[in-house]
Structure formats: C-alpha cells, structure tokens
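Everything below concerns the one structure shown next.
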Amino acid sequence: MTGYIEPMVGRYVHVEIDGAPNRIYFEEAGTGIPLVCLHTAGSDGRQWRHLLADKEFTRHFRIIAFDMPWHGKSNPPANWNGEEYRLTTERYTQTILAFCHALALEKPVVMGCSIGGRIVLNLAIAHASDFRALIGLEAADFQAPWYDTEWLNRPDIHGGEVCAALVSGLIAPQSPAPQRMETLWAYKQGGPGVFKGDLYFYRVDGDLRGRVEAIDTRVCPLFLLTGEYDFSCMPEDTLRTASSIDGADITIMEQLGHFPMSENPEQFRRYIAPVLNQIRQQQKI
Amino acid sequence: LKKSDGDVTGAFIKIPALLERHPALITRGRFLEVECLLGSTEQSFHISIRSGRITDMTPAPVLMRSWRFAYRATPQAWTAFWQPMPKAGWHDLLALSKRGAAVLEGDIQPFLTHLQYFKDLLALPRRSGGVS
C-alpha cells in the first residue's frame, strides 16, 4: 500500500429523531475529549476534514463530524414522503442531542458554524449542563437577510449553481483557490431545497434575540469566533450577541469569511488552537 | 464627473475587451441572452449580452430602451470592490447591496441564474489593476 490514507474513519449510526429512524453518517478521528462539529447550511461534514486530520488536535480530542439528515451521506429519514424540507430549532436541537446520545458521548464539546453556530447558542440557552464547552463560528442571535431564499429552489434556476454563487462572496479573498473551490463544491452537490430548508431555521424559526441573555457561561463556557469577511453573520452581529452574554469569549478572525474551517484551514487553526487549548486546560482543573 | 467617477466609467468601458480575454467566462455564460443596465450610480450602461459575449454597450440614458435588471453601485463602492485585495464588506456584489452601496433592480431572474458569471464579469477590472 503506497497511497496516503487520512486518519479519519467514516461510519453510519442509526438514530431516532422525531420518532423516525435516521441513518446518520459521521467521520471521526482522535481520542480524548469528544468534540462534535456541525457543518453550515446546505453543506456537509467534509467541511471539517482538515480539523479531523490535525495530528495535534486529535491527540487530545475525539473529533466527530456528522452529516445532518438530507446532507452529504446522511439520507432523509426513512419516513420522508417528499414534502418540503424545513429545519426547525426543535428538530435541529433534537438531532444533535440524539446523535450525541447514540454515540454515548459524555459531556461533549460542540462546535458549529453558521446555522451550526446559531444552534450552539440555543444549546447554551437550553442544554448548557449537557456540554463541556460550546463554540460558535459565524454565530449570532440574528442577522439581517441579504437575499430572498425563494431563489434557491425553483425549476428555472440551477440550484447547485445559485447556492454556490451566492455563498462564494462569503469566502475571504485571501483564501486559497483549492479550498475556495472545495467549499463551493459541497454547495453545488446539495439536494434540491436543502439549503433553503436549513435557512428556514436561520431566517424564520431560529431568531434568538432577547433569549441569549439567559446563557450562563459558568455552567458551560461559550466561545464565539467570526471571520471579518463574513457579511452574512457580520462581526458586529457576533459582537452585539456577545454583549448580552456575560463571560462569552469573542474573537474576530482576520482574513477569514463564513467557512473558516474549510476555506482557509491554516488561518483558522491559528484561532481555534488557543480555544481548544483553553478547553483542555479547563478540563484539568 | 469627478475624477474617481470618470475612472470608474473608464474601467467599465474596458470590460467587454477584458471579457474577450477570458474564454472560460464566456463559456460559463454561453446560455445567457439579456439586456441589462450595469454601472455606477453616476454613469450606467445599457449592455446586451448574447451567448455570454457583450455585443453592445451604450451609455445610459437611451430614450425608451428597456432592460431586464440593473445593478448599480456608487463610484466609491466600485473603487473599493476593484482593489487587488478588497476590504471586508466591499469584496462581493451582494456585500455591496447589503450595505446599501449598490442597488439591484428589475427582473433579477437572469442575474441569479448566471450569478457567478456576473460576479466574475464585474470583477474583471480588479484583475487588470482596478482604479485608484
């Protein structure tokens, strides 16, 4: 065998969500503190492949990235009848809790990006004691919409092309071309209406304004990191959100946009390494 | 026109020739046939696109000429957008419209159907030095 084989291993776990069986695909690498990673709307767990392949991080963390149902290699649930997919706060929260339970993860860290960052805030509000730490990338309690999601799924416009073209501007111009193209490729591959359905949670159902004040970072530390080039979840959105949360740890990341872990893994590493180190140190106390 | 406005207009006038130097972009737009209005809020152009090529570009206004959609940004926004490494918030057509520095009007179906084409087309002056 001469080919380089990456360290992560992919498997399927059967998880019941909302009373229906789901076959969830996940990849994992490493040992130690469980760290569950949530991908952005309309994409899948491949966004985390550089973190999963990081020799230093995987010495201390069991890093796990799963594809949400309807995304990547996780099919829609067995009882799906073709009706329009819509992610809700309740369903998203249930999915994460059920996945963590199915793998018997003990007080994991959860790191989510974009919609994953938004749901991390909801976990901090409603389920803080279940988690060791929470990390929200490109996270805010709300952000102003910048396009109409009706354009994402209609027969006269290629869904993959329009989804990718829309989010292409959220990638920082400094990001390397191969990583930019790979990040967009996942958007081109998404199922019809899936990105739009995820954004139902983001735009309609998941407005957390007036609720984040309830977050108690003494129960579960909260880290928020946002890229300066993200004009969807702008740095000021994260700063405004954090101003209502005592003890939230905030970082504005230079030369990064909405997809830090996939658009420029090297630059993202500079910012996430100290956060993961801090979580490890806290573990030792 | 102020000097910066004139520079932006000058950059726009060069776009058809720049496009001819990017055959992959023409190929991307091979199914695009549209009349649109593109430019700055000070000087826009009626642009005809056929099979991804700009076949006509005429300064607006033109009496009673119609267009499907218009994308117009302030001269300051175009200047910032065309910098070799644009600053955050000035780096994308929809970042400009979100911040109110550009306006997208009309029937935007062809714009969204060919969104990456228009993003790349209108970024061409950046690659050729932009404006100062």
Side-chain angles (χ1 to χ4, degrees), chain A residues 138 143-177 180-181 183-185 187-188 195-196 226-238 252-260 263-264 267, chain B residues 22 24-25 27-34 52 68-69 71 73 77-130:
Chain A
E138 320 307 319
Q143 57 247 32
W146 50 283
Y147 63 92
D148 180 350
T149 59
E150 282 300 316
W151 292 103
L152 299 179
N153 184 28
R154 43 187 278 169
D156 59 339
I157 297 185
H158 190 293
E161 292 281 13
V162 73
C163 292
L166 275 164
V167 303
S168 68
L170 300 178
I171 297 173
Q174 295 88 352
S175 292
R180 163 184 294 269
M181 296 309 288
T183 300
L184 296 179
W185 183 244
Y187 279 85
K188 295 182 182 188
F195 186 30
K196 183 185 174 210
T226 293
E228 62 171 338
Y229 277 90
D230 186 350
F231 70 85
S232 176
C233 177
M234 299 165 74
E236 45 264 54
D237 293 319
T238 302
I252 302 303
M253 302 182 286
E254 294 181 1
Q255 299 186 19
L256 285 167
H258 193 73
F259 311 94
E263 70 174 67
N264 194 341
Q267 180 73 349
Chain B
H22 291 85
L25 185 52
T27 301
R28 177 179 276 281
R30 65 195 178 281
F31 296 117
L32 177 58
E33 314 274 327
V34 75
R68 286 238 358 234
F69 76 89
Y71 183 94
W78 284 122
T79 304
F81 179 76
W82 286 329
Q83 292 305 303
M85 192 54 73
K87 289 184 178 162
W90 300 95
H91 62 289
D92 181 74
L93 297 184
L94 297 173
L96 298 182
S97 56
K98 184 180 182 185
R99 70 183 307 134
V103 181
L104 179 60
E105 297 165 292
D107 172 12
I108 63 173
Q109 195 268 357
F111 176 76
L112 281 162
T113 304
H114 301 274
L115 182 56
Q116 197 61 56
Y117 172 90
F118 283 107
K119 284 189 173 191
D120 293 347
L121 177 76
L122 292 170
L124 286 174
R126 182 186 294 155
R127 292 201 239 172
S128 69

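Below, read A as the first sequence line, B as the second, and so on, with proteins coming before strands; counting in each chain starts at 1.
- Residues A165(A) and Q116(B) share a closest heavy-atom pair of CA-OE1, 3.4 Å.
- Here the CG-SG distance, from L115(B) to C163(A), works out to 10.5 Å after rounding to the nearest 0.5 Å.
- Proximity of a side-chain donor or acceptor of H91(B) to a complementary backbone N or O of P173(A) within less than 3.5 Å is not detected.
- Two residues are said to be in side-chain contact when any heavy atoms from C-beta on lie closer than 4.5 Å; V162(A) and T113(B) fail this criterion.
- Side-chain contact between E228(A) and K87(B) is absent, with no heavy-atom pair separated by less than 4.5 Å.
- Residue I171(A) touches chain B through its backbone alone, counting heavy-atom pairs closer than 4.5 Å.
- Rounded to the nearest 0.5 Å, atoms CG (D92(B)) and CH2 (W146(A)) are 7.0 Å apart.
- The parts of D156(A) that come within reach of chain B are both its backbone and its side chain, each placing non-hydrogen atoms under 4.5 angstrom from that chain.
- Residues of residues 99-112 of chain B lying under 4.5 angstrom from chain A, judged on non-hydrogen atoms, are I108(B), Q109(B), L112(B) by number.
- Taking CG from L166(A) and NZ from K119(B), the interatomic distance works out to 6.0 Å, rounded to the nearest 0.5 Å.
- Both the backbone and the side chain of A144(A) come within contact range of chain B, each with at least one heavy atom under 4.5 Å from a heavy atom of that chain.
- Smallest separation of non-hydrogen atoms from P86(B) and Y229(A): O-OH, 2.7 Å.
- For the options Q255(A), E161(A), H158(A), Q174(A), heavy-atom pairs under 4.5 Å to chain B are most numerous at Q174(A).
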